[in-house]
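Working notes, structure below.
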Amino acid sequence: MIYSYYPGCTLKNKAADLDMYARQSAAALGFELREIEEWQCCGGVYPMAKDEIATKLSSVRNLNDAKMHGQSLVTLCSACHNVIKQVNNDMRTNEDIRTRANNYLKLDEPYNGETEVLHYLEVLRDVIGFDAVKEKVTNPLKGKKIAAYYGCLLLRPGSVLKMDDPENPSIMEDLIKAMGATPVVYPMRNECCGGYLSLEDKPAVAKRRETIVNSAKDFGCDCIITACPLCMYNLKKNESGVPVYYFTELLADALGLKAASEETA
Amino acid sequence: MDKKEEIELISGVNVLKCMRCGKCSGTCPSYDEMEYHPHQFVYMVETGNIDPLINSESLYRCLSCFACVERCPRGVEPAKVIEAVRLSAIRQKGANHLKAEQVPELIDDDVPQQLLVSAFRKYSK
Ligand code: SF4
Ligand code: SF4
């Protein structure tokens, strides 16, 4: 199985681990991620304005590259996933945006939202299957209590993202079970971490961080997992010292890849 | 075109659908940081009282977290109204909220690229 893969700007830099462990795990689970050539940054936040085209074009170019290869497009960062999936929905359902974007891009054939956009977690659940993941686990994370942090962008708006129930998700909890650990369900798991406000209002983000981490801690977690580099940045320096990991790191660990790569390192 | 029509055009939102239940503001993670709250944005656009919103720092407190969009029982999509008012403000010449020169003093070594990219998309044109 080969997928087109969109890493995005942060996975090439501050979140290189999120990317590296995802690729290692994919290889172990039997699927391949073909990185899109000359991909362009998604812009980090979905441009909601109906009259903006320029800010949506990079997503359309990435989507069209996957279409040209006849592949589904896999994303990993929650923000990239949100932006690309919502723009794809615009290209499929909003005639004005579709027409103006195609008029500008002048592709060999117009792009009309044909590409299927899958988050890496959806590949695990819907293509590989969590049972098959479980069978490949050689280092079960037994006894670990893991709190999945969804934040805002993975799930919302539910009518477009369609990954899971936006108010009562289970995809990461099911992955945690497949890895041999115990999921911790807590109230703040799908509330925003404060996002880009950490640039100019650090106290407000600190408040969000402590509320979220305390919620997870109160329900008994040892650690938190996320798919988003900005959630990672906003949550990891919490006062309780609860560790925050990318979900791909724990996945690679459960698949026995982390010990192996550390031995060779 | 007056301001109200401009906001409706940019956002694609029909503010008349709002029944003023306040759920959007109740669920908003930035509520405490806002002078005008999501339901007020919707109501003030409806009544054409838009200048106070354009001049308010509340524009830069919305996180685009889509909580209000998901949870509004009337499908109003308040975040899109706030986005449209913010664009109406920063699209004016020289009105960027964030300038590149300010960035070095706002960041540390751990800042992910995503943070800067997102902030520029929301704060500058
Ligand atoms: S949740 Fe929806 S209907 Fe209720 S006040 Fe907000 S915009 Fe209006
Ligand atoms: S999208 Fe903005 S206004 Fe809506 S709940 Fe989130 S922060 Fe509040």
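Here is how names work: the chains are called A, B, and so on, in the same order as the sequence lines, proteins then strands, and each is numbered from 1.
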Residue [X] versus chain B: region with a heavy atom under 4.5 Å:
| X | value |
| --- | --- |
| Pro203(A) | neither |
| Asn190(A) | both |
| Thr211(A) | neither |
| Pro157(A) | both |
| Leu153(A) | side chain |

Q) Would you call the rings of Tyr31(B) and His37(B) parallel, tilted or perpendicular, where under 30° means parallel and over 60° means perpendicular? A) parallel
Q | Residues that Asp65(A) engages under salt bridge (Lys or Arg N to Asp or Glu O under 4.0 Å), provided they are two or more places apart | A |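 Asp65(A) satisfies salt bridge (Lys or Arg N to Asp or Glu O under 4.0 Å) with Arg34(A) once adjacent residues are dropped.
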Q) Taking only residues two or more places apart in sequence, or in another chain, which ones meet Glu57(B) in a salt bridge (Lys or Arg N to Asp or Glu O under 4.0 Å)? A) none
Can you tell whether the side chains of [X] and [Y] come within less than 4.0 Å, N to carboxylate O?
| X | Y | result |
| --- | --- | --- |
| Lys17(B) | Glu77(B) | no |
| Glu210(A) | Lys217(A) | no |
| Lys50(A) | Glu8(B) | no |
| Lys3(B) | Asp51(B) | no |

Is [X] close to chain A through its backbone or its side chain, or both, or neither, when contacts mean heavy atoms under 4.5 Å?
| X | result |
| --- | --- |
| Glu33(B) | side chain |
| Leu9(B) | backbone |
| Val111(B) | both |
| Ser11(B) | backbone |
| Arg71(B) | side chain |

Q.
Using a 4.5 angstrom heavy-atom cutoff, name the option from Ser159(A), Gly194(A), Ala79(A), Cys80(A) with the most pairs to chain B.
A. Gly194(A)
Q: Pick whichever of Cys193(A), Ser198(A), Cys152(A) has the most heavy-atom pairs under 4.5 Å with chain B.
A: Cys152(A)
Q. Can you pull out the residues in residues 7-17 of chain A with any heavy atom less than 4.5 Å from chain B?
A.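 Residues of residues 7-17 of chain A touching chain B at under 4.5 Å: Cys9(A), Thr10(A), Asn13(A), Lys14(A).
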Q) Would a line drawn from the ring center of Tyr60(B) to the ring center of Tyr123(B) be shorter than 6.0 Å? A)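 Distance test on ring centres: under 6.0 Å, yes.
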Q: Residue by residue, scan residues 78-88 of chain B and write down, ordered by number, those that have a heavy-atom distance under 4.5 Å to chain A; if none do, write 'none'.
A: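 Only Ala79(B), Lys80(B), Glu83(B), Leu87(B) of residues 78-88 of chain B have a heavy atom under 4.5 Å from chain A.
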